[in-house]
Structures are given as structure tokens and as C-alpha cells.
Amino acid sequence: SVLDLTDDESSEGIDLSPGSDAEAEEDDRARHRRRLREMAALADELMGGEDSKLTGAVELVAGLLKEGYQPIVFCRFVETAKYVAAALCASNKIPKGTEIESVTGELAPAEREQRISALGEHPRRVLVATDCLSEGINLQQAFDAVVHYDLSWNPTRHEQREGRVDRYGQPSPKVRVVTYYGEDNGVDRIILRVLLRKHKTIRSSLGISVPVPARAEEVVEAIFED
């Protein structure tokens with residue numbers, strides 16, 4: 001349940017953190033709770049300035065803003081989106097006057113559209129969102145860059161995210177996409193390996209390509225190290 005669901009999953013309701021195994025034996029549940037508490041304590045120590053993934057993402061977004069782009073940062077879970085949005089709001093690296101908004105599946109579709117519409121009125125803006133916005137909504141008028149903060153196991157999900165801004169009616173002559181991953185991150189390595197395998201399957205079966213990280217030599221190096 002920690003991984004993505006199926007390749008044809010809906011974007012609605014997939015951004016909530018998965019629950020526990022209610023069918024586990026009592027001894028197993030107690031052991032799992034102890035282990036989860038230990039992991040939560042370790043995660044707390046990494047928050048803020050110690051979170052290298054977060055600090056790197058803040059620098060990426062700041063760079064896009066300074067280049068004149070209006071980015072969307074896509075995250076996997078509601079909690080992650082809130083965490084990233086709060087860090088962007090608190091960072092002194094983000095240019096002053098930048099409006100930052102978080103939109104997740106906790107909001108009703110009408111409220112999501114209202115927040116996005118209001119955000120689009122600001123001259124400099126950042127939208128942090130989950131995959132509840134990866135389908136069924138056009139965002140090309142207000143945004144022209146996408147940052148994949150969390151990688152998806154499904155390359156089509158990346159395509160859907162980018163398709164919110166890279167579409168007919170986009171006024172910007174160039175759309176930027178950042179596939180963000182850690183070269184020393186074991187989870188990212190595994191996901192990249194799956195993405196590359198699916199990419200190869202799609203290309204050999206259909207004759208089309210889907211996006212994967214551009215610096216292929218670094219991806220291959222990370223996979224070999226794993």
C-alpha cells in the first residue's frame with residue numbers, strides 16, 4: 001500500500017497516506033508501532049534545514065522563479081505538499097512578493113479551482129499540488145513549469161502532470177520540467193529503474209517515448225550503485 005496503486009488509478013483520493021494493516025496479529029502490530037515510532041523520530045530530525053531534498057527543491061523553485069517561470073510542484077501525499085509549501089513560504093531564497101498556494105485532495109473540486117484562479121492573479125506564483133490536479137484541469141494559462149518532487153512508479157503519471165501546462169493555449173514559448181531525484185536515494189533508484197523499464201516497454205510496443213530524467217548517465221550510475 002506504500003507504493004502507487006495500479007497504472008490506471010484515478011487521480012482522485014490517491015494523495016492520502018496509506019493506513020496500517022488492520023488484519024495483523026497483536027504482537028505484529030505492537031512491533032510495527034514501535035518501529036514506526038522510531039522511524040517517525042528519525043524523520044523529525046531531518047525536517048527543515050537537515051532535509052537535503054527539501055532544501056534542494058527550494059533552490060530549484062527559486063531558480064525557476066528568477067528565470068521568469070511560474071512553477072507547479074507535484075507531490076505524492078497531502079502531508080508532503082503542505083510540508084513543501086510551508087518551507088517555500090518560510091524561505092528567504094524565494095523572491096519577495098511570490099504567492100504560494102497548496103492544493104490537495106482534501107479540498108472539494110470547486111474550491112481547488114477557486115484557489116488556483118486566485119493564485120493566477122498574482123504576478124509571481126508557485127502552486128504545490130498532489131496528483132488530484134494531474135488530470136481534468138487546464139493550468140497552462142497560469143503556469144509554465146513542472147517540478148516532480150515525488151517520482152511516480154507510473155511514467156504516464158509524469159506525462160499527465162506535465163500535460164496540465166504543456167498543452168494547447170500555453171502562452172509561454174518554452175515549458176520547463178524538472179524530474180527531481182536523489183542520486184544517493186535508494187527509493188529513487190528503485191523507482192527510476194521501474195520507470196526506465198516501463199519506458200522501454202512503451203517505446204518497443206507503441207513506438208513512442210515518455211519522459212525520463214535527461215541525464216541518463218547519472219541515472220544508470222545510480223542504478224548500478226544500488
Side-chain angles (χ1 to χ4, degrees), residues 1-5 9-20 36-65 71-91 93-94 98-109 111-112 115-116 119 125-135 137 139 143 145-162 164-165 177-192 194-195 213:
S1 62
V2 173
L3 310 182
D4 286 2
L5 302 178
E9 64 186 352
S10 168
S11 62
E12 292 296 323
I14 65 170
D15 53 4
L16 299 177
S17 298
S20 61
L36 288 170
R37 283 195 292 268
E38 293 171 358
M39 294 171 68
L42 290 172
D44 286 341
E45 295 177 3
L46 295 174
M47 291 181 66
E50 297 300 318
D51 187 342
S52 58
K53 178 176 183 177
L54 181 67
T55 55
V58 171
E59 293 176 0
L60 280 171
V61 172
L64 288 170
L65 288 167
I72 303 177
V73 182
F74 275 103
C75 303
R76 177 69 176 87
F77 296 115
V78 171
E79 293 85 352
T80 310
K82 292 179 178 178
Y83 175 61
V84 172
L88 290 171
C89 290
S91 176
K93 295 184 178 181
I94 301 299
T98 302
E99 187 72 13
I100 300 168
E101 183 66 81
S102 173
V103 174
T104 71
E106 289 184 326
L107 303 175
E111 187 175 354
R112 297 175 204 170
R115 290 198 181 189
I116 293 170
L119 182 62
R125 52 198 173 270
V126 178
L127 174 61
V128 183
T130 59
D131 285 316
C132 71
L133 293 185
S134 67
E135 297 177 25
I137 185 169
L139 302 172
F143 303 95
V146 170
V147 177
H148 299 289
Y149 184 83
D150 289 320
L151 301 181
S152 171
W153 296 93
N154 183 356
T156 305
R157 178 65 66 196
H158 292 188
E159 186 89 329
Q160 289 169 332
R161 292 172 175 178
E162 296 160 15
R164 298 308 92 212
V165 301
V177 174
V178 179
T179 304
Y180 187 46
Y181 65 95
E183 294 178 12
D184 59 349
N185 184 317
V187 174
D188 280 356
R189 289 177 191 166
I190 295 170
I191 297 176
L192 284 169
V194 172
L195 286 173

Answer whether the closest heavy-atom distance between the side chains of [X] and [Y] falls below 4.5 Å.
X	Y	answer
L151	H158	yes
V146	P71	no
L133	I116	yes

Apply side-chain contact (heavy atoms from CB on, under 4.5 Å) to the pair V58 and V84, showing each step before the final yes or no. CA-CA 8 Å; V58 171; V84 172; over 6 Å; no
Applying salt bridge (Lys or Arg N to Asp or Glu O under 4.0 Å), can you list everything that pairs with [X], at least two apart in sequence or on another chain?
X	result
D150	K53
E79	none
E50	none

Indicate every side-chain donor-acceptor pair of residues 101-108 with a distance under 3.5 Å to a residue at least two apart or in another chain.
residue : atom : partner : partner atom : Å
E101    : OE2  : R115    : NH1          : 3.4
T104    : OG1  : E106    : N            : 3.3
E106    : OE1  : K82     : NZ           : 3.0

Contact summary for C75 and V128, nearest pair of heavy atoms: SG-CG1, 4.0 Å
Would you find a donor on one side and an acceptor on the other, under 3.5 Å apart, between the side chain of [X] and the backbone of [Y]?
X	Y	result
D131	S134	no
S91	A87	no
H148	V178	no

Pairing donors with acceptors under 3.5 angstrom, does anything connect the side chains of R76 and T130? no
Any Lys/Arg nitrogen of E159 or R164 sitting under 4.0 Å from an Asp/Glu carboxylate oxygen of the other?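 Judged by the 4.0 Å cut-off on N to carboxylate O distance, E159 and R164 do not form a salt bridge.
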By side chain to side chain donor-acceptor pair (under 3.5 Å) - contacts of Y180 (at least two apart):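 Not a single residue meets the side chain to side chain donor-acceptor pair (under 3.5 Å) criterion with Y180.
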Going by the rule side chain to side chain donor-acceptor pair (under 3.5 Å), which residues pair with D188 if we only count those two or more places apart in sequence or in a different chain? none
How many angstroms lie between atom [atom1] of [X] and atom [atom2] of [Y], to the nearest 0.5 angstrom?
X	Y	atom1	atom2	result
M39	R37	CE	CZ	13.0 Å
I191	S152	CD1	OG	8.0 Å
Y181	R189	OH	CZ	11.0 Å
L60	Y149	CG	OH	10.5 Å
T80	L54	OG1	CG	10.5 Å

Trace of the side-chain contact (heavy atoms from CB on, under 4.5 Å) decision for I72 with V147: CA-CA 6 Å; I72 303 177; V147 177; over 6 Å; no
